[in-house]
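Accompanying notes for the structure given below.
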Amino acid sequence: MAGWRINDRYGHAVGDEVIKRVAEILNSESREEDVVGRYGGEEFCLIVPGLNIDRAKDVAERLRRAIAAVSNSTGTELFSITVSIGVSAYKKSIGNAMDLVELADQALYIAKESGRNRVVCYGSDSAERRKGIVATQPAAVSASTAHTDRSLRDVDVHELKSEIQRLEIELSTKDEASFRRSLHDELTGLPNRMLLLDRCHQAAKRAKRGGGVIAVLSLELDVLQRVHDAFGKEAADTLLKALAERLGAIFRTTDTVGLISIPSDSTLSRTGTNEFVILCSDIDNVESVAQLVRRIKRALSTPLKFSGEEMLFSGNIGISVFPHDSDDIIAVVDASASARSYSRSNNERINVAFYSKEMNRVSKKQLRMETLLHKAIGDNEYMLVYQPKTDLRTGRINGVEALIRWNNPELGIVSPLEFVPVLEQCGLIPQVTDWVLTEVCRQIKSWEPLGLSDLRVAINVSPVDLRDKDFSRRFLAVVDEWGVSPRSLEVEITETGVIQNMKTAVQSLQELQSRGIQLSLDDFGTGYSSLSHLNALPLNVLKIDGCFIKDLHLNRSNQAIVKAIVAMASTAGLRILAEGVEDEQEMQILKSFGCDEIQGFLISQPLRAEELAEFVIGRNALPQIKHSDSRVVDFLPRWLARR
């Protein structure tokens, strides 16, 4: 049975209410042994055992009248419901139950096409029987209908074809819109579970071909239920739409955010009242997932103004990864929901749990580290150590590199290789760079009375700093505030860091160099290492990465590389410094190639400020030596032995 179109005219809320009332009528008018089912949309199916075609027709007519009466009791706006019912009865000639349903469906089709709001039975002995159909309310031909029929004869065939084409296009457009609605949440417009799973399958196929990683995040927010309980459904829906927009804004356009959805490969989806699913495809590695979690937590850390109040978000996030947790993408989706349930035991405002125990451990460590890093400056947990640089011609210490260390009461001494990437990801680099520069300037001023005013201090600068248009202004403001000579400072950059934002980086570096600050390119040989990039940068020093220096006397290939780098840098008018020098033979080879400076454990390990002052004063007090003098090497063991 079918026949009303309330959704199109009055909206889905009224349509859903009508469907519920119709279902209640069908259930109340049916016997215990009858079966009432809904095909979907506006169609129902009734199986009524023990009735012949005539009795079934009477039951159908009674149901039609009862359903039509719904129009008088639904809402404040009056409308009528037309109900069409097709009836078929079992005979021995009918093969199976599906054939019986098919015959009833054919009768329903005739009922809809012959005037609607009627009951049509399959089979009869009258004239209608030759068509295989009998109608309980045959349609009468009115004068207006007859007039219409006569008019149709006079219509131009081409006009009729054009009208048919127009109607076909209109129908196609409506079908397409209807299909899209079936794949999206009506309230938020986000993909529903059906579309989300389809995108999951497509992402899994791409990942299997290209070896990528897919993360599925299941997100449940308690605030939605609280608002629903306190303010009602309409208020909860408004909040839900605002939340969907906030989540959608933080992901890439290729991600999917679904409501059961992140920007360059994620999908957000709604899968339930309070549950979102975020599909993030084409991820480089599993470590990147922790960064996605941080983005979500930052988005949810800002309250949302709602009905004059600031709503704080609380909830749980479960994460699973394809193919690490499973090579079945549906299992990965289910695993994210399991992890979300497990995360509730963490007792935080936004709880996070990975399905994989190892990833859960790593993620918790990174997230905990981020929390502690936010307090590190205020709690005076950072410190600087300084590693000396030696002039190979004189043996004197002419500069040092400032290296940051983090000593946390909970984690102990943390390697910069662990915490610096977290600083970059959580936006703390500018704050830490300013702290390092301030501490270096303070230290330079304290060294001046000791006769170390000519000691040049190098500071490492992150790619994040080089993307900031105000970086040089910030840097020079601190230098001027402390009254430090710019020639006492050197900025160390990496080639890959500059390439990420060449124009902005070069502009900042040129401004620093114009004030007399030395510029050094660190880790040369491990990045792009092209001469064109080298010529485009305002540089003073080129540092050869330590990976080319280790066991240099045993590796002829590295010797050729280092010799070529030295020649190229000399042609460009740059000083050459080799880092990671640990062996006297390595130093002798570098001397022979024409290297200017060295840095490494052969000279000294990184020292605290007070240790460095003593070391430099003692070292530079030695008589100047010739190029081949070995006392440069001998001094350090003797100095360490005295301590």
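Note that this is a predicted model, so its numbers are computed, not measured.
The nearest pair of heavy atoms linking Val87 to Ile53 is CG1-CD1, 3.8 Å. Nearest heavy-atom pair across Gly50 and Arg55 is O-NH1, 4.1 Å.
For the pair Ser281/Arg199, no side-chain contact is recorded, criterion being any heavy-atom separation below 4.5 Å from C-beta on. Looking at Arg65 and Glu61, their side chains come closer than 4.5 Å, going by heavy atoms from C-beta outward. Between Asp58 and Arg62, the closest side-chain pair of non-hydrogen atoms is not below 4.5 Å. Counting heavy atoms from C-beta outward, Val59 and Leu51 have side chains that approach closer than 4.5 Å. Looking at heavy atoms from C-beta onward, Leu46 lies out of side-chain contact with Asp34 at the 4.5 angstrom threshold. When side chains are defined from C-beta on, Arg31 counts as touching Val48, because their heavy atoms get closer than 4.5 Å. Considering only heavy atoms from C-beta on, His201 comes within 4.5 Å of Ile330 through its side chain. For the pair Trp406/Leu411, a side-chain contact is recorded, criterion being any heavy-atom separation below 4.5 Å from C-beta on.
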Handout entry: Chi angles and distances behind the side chain to side chain contact (heavy atoms under 4.5 Å, CB included) call for Asp334, Tyr355
Key = CA-CA 10 Å; Asp334 294 339; Tyr355 184 74; over 6 Å; no

Exercise for the section: Mind running side chain to side chain contact (heavy atoms under 4.5 Å, CB included) on Leu217 and Cys280 for me, showing each step along the way? Expected result: CA-CA 8 Å; Leu217 291 77; Cys280 303; 4.2 Å; yes

Practice task
Go through the steps for Val464 and Asp468 under the test side chain to side chain contact (heavy atoms under 4.5 Å, CB included), then give the verdict.
Solution key: CA-CA 7 Å; Val464 176; Asp468 182 4; over 6 Å; no

Exercise for the section: Report the C-alpha separation of Leu373 and Asn408 in whole Å, then their side-chain angles, then the decisive distance to 0.1 Å, and conclude whether the side chain to side chain contact (heavy atoms under 4.5 Å, CB included) test is met. Expected result: CA-CA 9 Å; Leu373 284 169; Asn408 178 262; over 6 Å; no

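Comment: Lys20 does not engage Glu24 in a salt bridge, judged by the lack of any side-chain N to carboxylate O separation of less than 4.0 angstrom.
Taken to the nearest 0.5 Å, the CG atom of Asn117 stands 9.0 Å off from the CD1 atom of Ile85. One finds the CD atom of Glu29 at 9.0 Å from the CD1 atom of Ile67 (value rounded to the nearest 0.5 Å). Going from atom NZ of Lys57 over to atom CG of Asn52 covers 10.0 Å, rounded to the nearest 0.5 Å. Rounding to the nearest 0.5 Å places CZ of Phe44 at 11.5 Å from CG of Leu63.
At a cut-off of 3.5 Å, with distance as the only test, no side-chain donor of Asp325 or Ser320 sits close to an acceptor on the other residue.
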